[in-house]
Amino acid sequence: MKKQFKIILVTVPFIFVSILGIMIIGKIEEKNEALGRISVLPPFQFQSISSDQYYSDWDLPQGKMVFIFHVNSTCDFCQYEAMQVAKNLDSFRGNTLVFVSSEEKEDILVFAKEFGLWNRPHVVFLQDDSLNFPDIFGLRTIPGSIVYDKDRKLLARFNGAVKAEKLLELIE
């Protein structure tokens, strides 16, 4: 009986640690695969909130940096980030800012207007009506931000809110 107890005492933690290790390795591989997939701006297509048209990576102006923000209007951190961007909007001029949310168009529009980001020439608001953003960009947090250079190569990826100053440091 004592021998069986010792075997169980050794085997159970070993199995637990093995399963945990496999899960960690799987997450690391998933993250590396996502980083490889987004190292260049991936193809995407989201619903424009200003029309019934879809907006894709092909609609982005060429030769400009692209700042992509994954937001939700009820998220305090998203609101803070939008406020930071709005305060520094002139410094982002010459680049494209894309805000993507899975909320209803009306909620996204209220968010955009609240922070003075609606109808700005270099700011786009899109609805992820198919919930594809996390799979396309490998970014599952809200807020989350991804920055691409003028050649559409990944410059930075942020999980959580990021200050505008940090984003502005990336401008070429």
Side-chain angles (χ1 to χ4, degrees), residues 33-172:
E33 186 254 318
L35 285 174
R37 188 175 62 248
I38 65 168
S39 63
V40 176
L41 183 69
F44 69 83
Q45 181 174 302
F46 300 116
Q47 178 83 42
S48 170
I49 68 161
S50 59
S51 71
D52 289 333
Q53 301 295 316
Y54 278 87
Y55 189 98
S56 77
D57 53 302
W58 288 98
D59 295 310
L60 292 169
Q62 295 292 322
K64 294 185 177 196
M65 291 181 69
V66 180
F67 294 79
I68 301 174
F69 302 94
H70 192 209
V71 296
N72 183 294
S73 67
T74 62
C75 162
D76 291 337
F77 295 109
C78 300
Q79 293 169 8
Y80 173 78
E81 192 169 49
M83 182 179 65
Q84 290 283 308
V85 169
K87 282 183 182 177
N88 293 281
L89 201 54
D90 287 338
S91 300
F92 285 101
R93 195 166 307 280
N95 301 293
T96 304
L97 307 177
V98 180
F99 288 82
V100 182
S101 177
S102 60
E103 298 175 281
E104 294 298 320
K105 285 183 176 185
E106 296 78 25
D107 296 329
I108 301 168
L109 181 60
V110 168
F111 179 81
K113 287 180 177 179
E114 180 180 347
F115 294 101
L117 296 169
W118 182 244
N119 274 342
R120 298 297 182 136
H122 59 288
V123 182
V124 178
F125 280 86
L126 305 174
Q127 179 192 38
D128 179 12
D129 56 348
S130 300
L131 305 176
N132 290 328
F133 187 93
D135 293 330
I136 294 169
F137 291 99
L139 191 63
R140 303 202 180 285
T141 58
I142 294 177
S145 308
I146 305 172
V147 183
Y148 289 94
D149 68 12
K150 293 176 182 180
D151 298 318
R152 299 187 176 198
K153 293 185 178 142
L154 181 67
L155 275 181
R157 180 177 176 224
F158 301 97
N159 290 312
V162 60
K163 291 187 175 188
E165 293 82 21
K166 184 95 171 156
L167 295 171
L168 292 171
E169 290 173 4
L170 299 169
I171 293 180
E172 301 168 331

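Positions are given from 1, in the same order as the sequence printed here. No experiment lies behind these values; they were computed from the predicted model shown. Quick note: numbers below take in every heavy atom, side chains included, and nothing from hydrogens, waters or symmetry partners.
Side chain of Asp151 to backbone of Lys153: no donor-acceptor contact under 3.5 angstrom is found. Using a distance-only test at 3.5 Å, with no hydrogens or angles considered, a donor-acceptor pair links the side chain of Arg152 to the main chain of Asp57. Not a single donor-acceptor pair under 3.5 Å links the side chain of Asn159 to the backbone N or O of Gly144.
Looking at every heavy atom in both residues, Glu81 comes nearest to Ser145 through OE2-OG, 3.1 Å. Nearest heavy-atom pair, Ala164 versus Val85, reported as atom, atom and distance to 0.1 Å: CB-N, 4.4 Å. Taking each heavy atom of Ile108 and Leu126 in turn, the nearest pair found is CD1-O, 3.9 Å. Between Asn88 and Glu165 the shortest heavy-atom distance is ND2-OE2, 4.5 Å. Considering all non-hydrogen atoms of both residues, Val147 and Leu170 come closest at CG2-CD1, 3.9 Å. When all heavy atoms of Val71 and Cys78 are compared, the closest pair comes out as CA-SG, 3.8 Å.
With contacts defined as side-chain heavy-atom distances shorter than 4.5 Å, the pair Phe125/Lys105 does not qualify. At a threshold of 4.5 Å between non-hydrogen side-chain atoms, the residues Phe137 and Pro42 count as touching. Residues Trp58 and Pro43 are not in side-chain contact: their nearest non-hydrogen atoms beyond the backbone lie 4.5 Å or more apart. Considering only heavy atoms from C-beta on, Asn72 comes within 4.5 Å of Glu103 through its side chain. Taking the side chain as every heavy atom from C-beta outward, Ile171 and Asn95 approach each other to under 4.5 Å. In this structure the side chain of Leu97 reaches within 4.5 angstrom of the side chain of Phe69, judged on heavy atoms. When side chains are defined from C-beta on, Leu89 counts as touching His122, because their heavy atoms get closer than 4.5 Å. Residues Val98 and Leu60 form a side-chain contact, since some pair of their non-hydrogen atoms from C-beta on lies under 4.5 Å apart.
A side chain to side chain contact (heavy atoms under 4.5 Å, CB included) with Ser102 holds for exactly one of Asn132, Leu131, Asp107; it is Leu131. Leu139 pairs in a side chain to side chain contact (heavy atoms under 4.5 Å, CB included) with only one of the listed residues (Val100, Ile68, Ile146), which is Ile146.
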Q: Could you give me the CA-CA distance, side-chain angles and deciding distance for Gln47 and Asp52, then say whether side chain to side chain contact (heavy atoms under 4.5 Å, CB included) is met?
A: CA-CA 7 Å; Gln47 178 83 42; Asp52 289 333; 4.3 Å; yes
Q: Dump the intermediate steps for salt bridge (charged side-chain N to carboxylate O under 4.0 Å, His left out) on Asp149 and Lys64, then the final yes or no.
A: CA-CA 7 Å; Asp149 68 12; Lys64 294 185 177 196; over 6 Å; no
Q. For Asp135 and Arg140, what are the C-alpha separation, side-chain angles and deciding distance, and is it a salt bridge (charged side-chain N to carboxylate O under 4.0 Å, His left out)?
A. CA-CA 8 Å; Asp135 293 330; Arg140 303 202 180 285; 3.3 Å; yes
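Separating the CG atom in Leu168 from the NZ atom in Lys166 is a distance of 12.0 Å, to the nearest 0.5 Å. Remark: Asp90 CG to Arg93 CZ distance equals 5.0 Å, nearest 0.5 Å. Tyr148 contributes atom OH, which lies 10.0 Å from atom CG of Leu155 (distance to the nearest 0.5 angstrom). Going from atom NE2 of His70 over to atom CD1 of Ile136 covers 10.0 Å, rounded to the nearest 0.5 Å. Here the CG atom belonging to Leu167 is positioned 11.5 Å from the OG atom belonging to Ser91, to the nearest 0.5 angstrom. Note that the NZ atom of Lys87 and the NZ atom of Lys163 stand 10.5 Å from one another [nearest 0.5 Å].
Counting only N and O atoms by type, the side chains of Tyr54 and Asp129 include a donor and acceptor under 3.5 Å apart. At a cut-off of 3.5 Å, with distance as the only test, no side-chain donor of Gln53 or Ser48 sits close to an acceptor on the other residue.
You'll find the ring centres of Phe67 and Phe92 inside the 6.0 Å limit. A ring-centre distance under 6.0 Å is not found for Phe46 and Tyr55.
The number of heavy-atom neighbours closer than 6.0 Å to CD of Glu104, taken from other residues, nucleotides and ligands shown, is 12 or below.
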